[in-house]
2 protein chains.
Amino acid sequence: MELAILGGTGDIGEGLAMRFASDTDHTITIGSRDAAKATERASTYEERLSEHGVETGINGTDNSSAAAGADVVILAIPPHHVGDTVEALTADDVLSDQLLISPAVGMQGDGDGLHYRPPSTGSVTEFVAERAPESVPVAGAFHNLAADRLADLEATLDVDTLVVADDPTISERVVALTADLAGVRPIPAGPLSNATEVESLTPLLINIARYNEDMHDVGVSFT
Amino acid sequence: MELAILGGTGDIGEGLAMRFASDTDHTITIGSRDAAKATERASTYEERLSEHGVETGINGTDNSSAAAGADVVILAIPPHHVGDTVEALTADDVLSDQLLISPAVGMQGDGDGLHYRPPSTGSVTEFVAERAPESVPVAGAFHNLAADRLADLEATLDVDTLVVADDPTISERVVALTADLAGVRPIPAGPLSNATEVESLTPLLINIARYNEDMHDVGVSFT
């Protein structure tokens, strides 16, 4: 399967690229607004994977080219840019039957911690769905995975991530994709209208990490 | 220590009463708007504890009398009544140096799931703090514990609960109180302004239970 990770040079994009490259046989392409940067970072990821005994190629290109050839597109893009990115892909006629997965969360910090600040649509995941062509399926997942922990292939995960999608067969596809990652258990949490409750977990995790010295890069497990 | 659980005849009140009675030596008083109902339910709880080999007394009385004699007051009251209850306790001059703990969460359901609907203050926990006299310390805790699982003394917990309080010494008191419950790990999550992110977890847990057959009464563990 062809997996594109747009924003693949950012923290969460890097983490997901490293894990999908390490744990699956999918062809991974990272996209960036700057194709040269994506190519350069892809080489860095390959080197780090090789240091961990994983010999695999990662492609790097611009976001639009990455999405064009993909079966699944992960939008690892900051929440305030993801709408423009999806609109640009739509305008360029890049999107047809790719499955879009949104991991972004809108947050704002104050002196006490991070707080959930979704777009007026209710969640970034729904915001993406609104901007994508109607025929393109959209799911939310990977919101609550700590980027640094993913990127560190020595780190044990043993964490859950929540999956939201309006179509149960889409949810099942994302669950199957995610279940291939070692130590990540995908859990369905209903349709896109439940994405708000899913996304809200991310600032909570960051606040927990801040107030507990031994809980850096904390994840969640539902038990 | 004297522990009052207002709304102690409700689901979460019952669960907390059963666990605190089972796992600690605190004197437990459950309060209700209806004192007779509280007395009757307290007897039922005592019988069920006795069936599990725990011989202990639980008092039942009206909310105001329960709070008056307590060191710690847990407000296990529905979110739309908790403000009135705290205002009534304040008007009756019942509150002086009790520590108030708020476990309530404002939620609203639609066809897809439950959604977080806090009061305009930002969270029920902050709403309680606004209504309590300034000298009375307020913390948030126990939001994300499943009532039925608490009430079933055969059920294993092994779950976390989050604690918010503006004063770190108050947070420490709640952490110490909670740590006595077998299988419940208290985790500080910062000041009251972080209560929104803590409370948001409750509708997520209920949505997860709804969309996963084997996750009834699910709890959370931060790992």
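Order of the sequence lines fixes the chain letters, A, B, ..., with proteins taken first and strands second; residue numbering starts at 1 for each chain.
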(request) Output the option from Ser200(A), Pro203(A), Gly122(A), Gly190(A) having the highest count of non-hydrogen pairs under 4.5 Å with chain B. (result) Gly190(A)
(message) If we define contacts as heavy-atom pairs under 4.5 Å, which of Asp110(A), Val220(A), Val159(A), Asp112(A) has the most with chain B?
(response) Asp112(A)
(request) Sort Val218(B) into side chain, backbone, both or neither according to what part of it lies under 4.5 angstrom from a heavy atom of chain A. (result) both
(request) Go through the atoms of Asn212(B) and report whether side chain, backbone, both or neither lie under 4.5 Å from a heavy atom of chain A. (result) side chain
(message) Please classify the contact of Leu192(A) with chain B as side chain, backbone, both or neither, using a heavy-atom distance under 4.5 Å.
(response) neither
(request) Determine the option with the most heavy-atom pairs under 4.5 angstrom with chain B, choosing from Ala209(A), Pro191(A), Gly113(A). (result) Pro191(A)
(request) Sort Thr196(A) into side chain, backbone, both or neither according to what part of it lies under 4.5 angstrom from a heavy atom of chain B. (result) neither
(message) Does any part of the side chain of Ile187(A), heavy atoms only, come nearer than 4.5 Å to the side chain of Tyr211(B), both counted from C-beta?
(response) no
(request) Give, for atom CD of Glu197(A) and atom CD1 of Ile208(B), the distance between the pair rounded to the nearest 0.5 Å. (result) 10.5 Å
(request) Please report the closest heavy-atom contact between Thr223(A) and Asp158(B), naming both atoms and the distance. (result) OG1-O, 3.6 Å
(message) Let's test your reading of the structure: which of Asp160(B), Asn207(B), Asp217(B), Asn194(B) forms the most heavy-atom pairs below 4.5 Å with chain A?
(response) Asn194(B)
(request) Using a 4.5 Å cut-off on heavy atoms from C-beta on, say whether the side chain of Leu162(B) contacts that of Leu204(A). (result) yes
(message) Tell me whether the count of non-hydrogen atoms from other residues, nucleotides or ligands lying under 6.0 Å of CZ in Arg33(B) goes above 12.
(response) no
